[in-house]
Visitor: 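Below: one structure in structure tokens.
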Protein chains: 2
Amino acid sequence: MSVEAKAAPFAGPAAAEKAYRLEEHIGFVLRKANQRHLALFSARISDLTPPQFAALARLEEVGEASQNQLGGLIAMDAATIKGVIDRLKARGLVEIDTHKEDRRRLVVRLSAEGRDTLARLRLLAFAITEETLAPLTGRERASLMRLLAKIG
Amino acid sequence: MSVEAKAAPFAGPAAAEKAYRLEEHIGFVLRKANQRHLALFSARISDLTPPQFAALARLEEVGEASQNQLGGLIAMDAATIKGVIDRLKARGLVEIDTHKEDRRRLVVRLSAEGRDTLARLRLLAFAITEETLAPLTGRERASLMRLLAKIG
DNA sequence: CTGATATCATTTGCATACGAATGAATTTGC
DNA sequence: GCAAATTCATTCGTATGCAAATGATATCAG
């Protein structure tokens, strides 16, 4: 079948030839967990993506911010946040002005409709987190969140 | 500053108005953890992406598979795996033939160069997982992997 | 045997994501 | 005060990632 050995105990080709199992690597399991979360999210909130929601939620927290500043607050680089804000603006969920003192900056803030949208989706967002963590006990959930925060 | 209340204990606007903190939602922390892992990955393996690596690693395990089948083995839909395989093929890391009995299928397998590439990157991949999990103790690492597998 | 279904791959459209290059505006260093 | 360095936003290129539609082939039902 495969060229690779079956990794019988103590009988590998060499010490360095530890079996490579995708499932034991953090990148692979992170990608799958993300995938499941995204599926649950879009099933409940079909008209907004997680990054878009994050941008709105952060704007509600901080009031207003420059575009890049906002990106920093939700871990998005300049190129990525631009697209997100463009789409939110096109849908009237955020408003944009140029900064009065620094003409390079764009000041972004929630529109009334953006605020309404957030209010409407708030409980759904909690439900999505709940649903994503459903396979875990309460203790496990806290543990997972703590460990992820540590490596993030 | 913000319109949102500061969420003084027992003094929220209403019972349903639990404060929404991005950092307490699984999607946000998953995205950030993924981000850090990707940065570490590309710093060590700049000529291959994690999905490409996953495809090669799985091919080594299973010998060969149809394109969609391989996608299923690494959690990628048909549209996504196509692009990944196209790029691996363009670089000579995989070989492709049409299935003899079922002309719809593409049979994908590692090329000699793909096998060499995997051998060369194997230890680096372990180092990347190690580095990503570096902030955690051994016990925490095992716990995180187990919990992620549970929700993935 | 043949029409209905199902499967495999492809294509299109949209939305992240990031690196690198660019232009405009501001700040710093001397 | 002005050249150099920095910052903010934009643009381009590349690579996932998914939904939906399509075409080709295979299988199934009657």
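Throughout, protein chains are lettered first and strands after them, A, B, ... in sequence-line order, and every chain is numbered starting at 1.
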Visitor: Could you give the start and end, 5' to 3', of the contact zone on DNA chain C for chain A, using atoms under 4.0 Å from its heavy atoms?
Guide: C:dA15 to C:dT26
Visitor: Would one find more than 12 heavy atoms of other residues, nucleotides or ligands at under 6.0 Å from atom NZ of A:Lys150?
Guide: yes
Visitor: Whole-Å distance between D:dC18 P and A:Gln52 CD?
Guide: 17 Å
Visitor: Looking at every heavy atom in both B:Ala78 and B:Asn68, which two are closest together, and how far apart are they?
Guide: CB-OD1, 3.5 Å
Visitor: Decide yes or no for B:Leu56 and B:Leu48: does some side-chain heavy atom of the first lie under 4.5 Å from some side-chain heavy atom of the second?
Guide: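 They are in contact (side-chain heavy atoms under 4.5 Å apart), so the answer is yes.
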Visitor: Looking at five pairs on each end of the helix from C:dC1-D:dG30 to C:dC30-D:dG1, what is the angle between the two axes, given to 10 degrees?
Guide: 20°
Visitor: Please tell me which of A:Glu101 and A:Pro51 maps to the more 5' nucleotide of DNA chain C, matching each residue to the nucleotide holding its nearest heavy atom.
Guide: A:Pro51
Visitor: Whole Å only: how far is the CD1 atom of B:Ile81 from the P atom of D:dG17?
Guide: 10 Å
Visitor: Check the distance between D:dG17's C1' and A:Leu30's CG and give it to me in whole angstrom.
Guide: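 Those two atoms, CG and C1', are 16 Å apart.
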Visitor: Test of understanding: with side-chain contact (heavy atoms from CB on, under 4.5 Å), list the residues that count as partners of B:Arg44, not counting sequence neighbours.
Guide: B:Leu124, B:Ala127, B:Ile128, B:Glu131
Visitor: Are the side chains of A:Arg31 and B:Pro50 in contact, using a 4.5 Å heavy-atom criterion?
Guide: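 No. Closest side-chain heavy atoms not under 4.5 Å.
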Visitor: D:dC8, OP1 or OP2 - any side-chain N/O from A:Asn68 closer than 4.0 Å?
Guide: no
Visitor: Check this for me: B:Arg120, atom CZ, are more than 12 non-hydrogen atoms of other residues, nucleotides or ligands nearer than 6.0 Å?
Guide: yes
Visitor: Any side-chain heavy atom of B:Leu148 within less than 4.5 Å of one from A:Leu147?
Guide: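 No - every pair of side-chain heavy atoms lies 4.5 Å or more apart.
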Visitor: Would you mind reading off the distance between A:Phe41 atom CZ and D:dA19 atom C1', rounded to a whole angstrom?
Guide: 17 Å
Visitor: From C-beta outward on A:Arg104, which listed nucleotide comes closest to its side chain: D:dT7, D:dA9, D:dA19?
Guide: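 Of the options given, the side chain of A:Arg104 lies nearest D:dT7.
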Visitor: With respect to the phosphate group of D:dT16, does any side-chain polar atom (N or O) of A:Arg31 fall under 4.0 Å of OP1 or OP2?
Guide: no
Visitor: Checking all strands, does B:Ser66 fall into the base, sugar-phosphate, or nothing category for heavy-atom contacts under 4.0 angstrom?
Guide: sugar-phosphate
Visitor: Identify whether any heavy atom of B:Thr80 sits under 4.0 Å from a base atom; if not, whether one sits that close to sugar-phosphate; answer base, sugar-phosphate or nothing.
Guide: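 Answer is base: heavy atoms of B:Thr80 come under 4.0 Å of a base.
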Visitor: So which one's nearest nucleotide on DNA chain D is more toward 5', A:Leu106 or B:Ala75?
Guide: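 On the 5' side of the pair lies A:Leu106.
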Visitor: Please work out if A:Asp102 contacts a base, only the sugar-phosphate, or nothing of the nucleic acid, heavy-atom cut-off 4.0 Å.
Guide: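 Counting heavy atoms under 4.0 Å across all strands, the contact made by A:Asp102 is with sugar-phosphate only.
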Visitor: Considering just the side-chain nitrogens and oxygens of A:Gln69, establish if one lies under 4.0 Å of OP1 or OP2 belonging to D:dT7.
Guide: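 It does not, given that no N or O in the side chain of A:Gln69 lies less than 4.0 Å from OP1 or OP2 of D:dT7.
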Visitor: Whole angstroms only, please: what is the CG-C1' distance between A:Asn34 and D:dT16?
Guide: 12 Å
Visitor: Is the shortest side-chain N to carboxylate O distance from B:Glu113 to B:Arg91 below 4.0 Å?
Guide: no
Visitor: Which is more 5' along DNA chain D, the nucleotide nearest A:Asp86 or the one nearest B:Arg103? Just name the residue.
Guide: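 On the 5' side of the pair lies A:Asp86.
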Visitor: Atom NZ of B:Lys82 and atom C1' of D:dT22: how far apart are they, to the nearest Å?
Guide: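 From B:Lys82 NZ to D:dT22 C1': 14 Å.
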Visitor: Without decimals, in angstroms, what is the distance between B:Arg105 CZ and D:dT27 C1'?
Guide: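 Taking atom C1' of D:dT27 as the reference, CZ of B:Arg105 is at 12 Å.
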Visitor: Whether A:Gln67 contacts D:dT10 is assessed here as follows: a side-chain N or O lying under 4.0 Å from the phosphate OP1 or OP2. Is that the case?
Guide: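 Yes.
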Visitor: What is the distance, rounded to the nearest whole Å, between atom CE of B:Met76 and atom P of D:dA19?
Guide: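 So the CE-P distance, B:Met76 to D:dA19, works out to 15 Å.
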Visitor: Do A:Phe28 and B:Leu144 share a hydrophobic cluster, counting only Ile, Leu, Val, Met, Phe, Trp and Tyr and linking them when any side-chain heavy atoms are less than 4.5 Å apart?
Guide: no
Visitor: Kindly work out whether a path of hydrophobic side-chain contacts (I/L/V/M/F/W/Y, heavy atoms less than 4.5 Å apart) joins B:Val29 to A:Phe41.
Guide: no
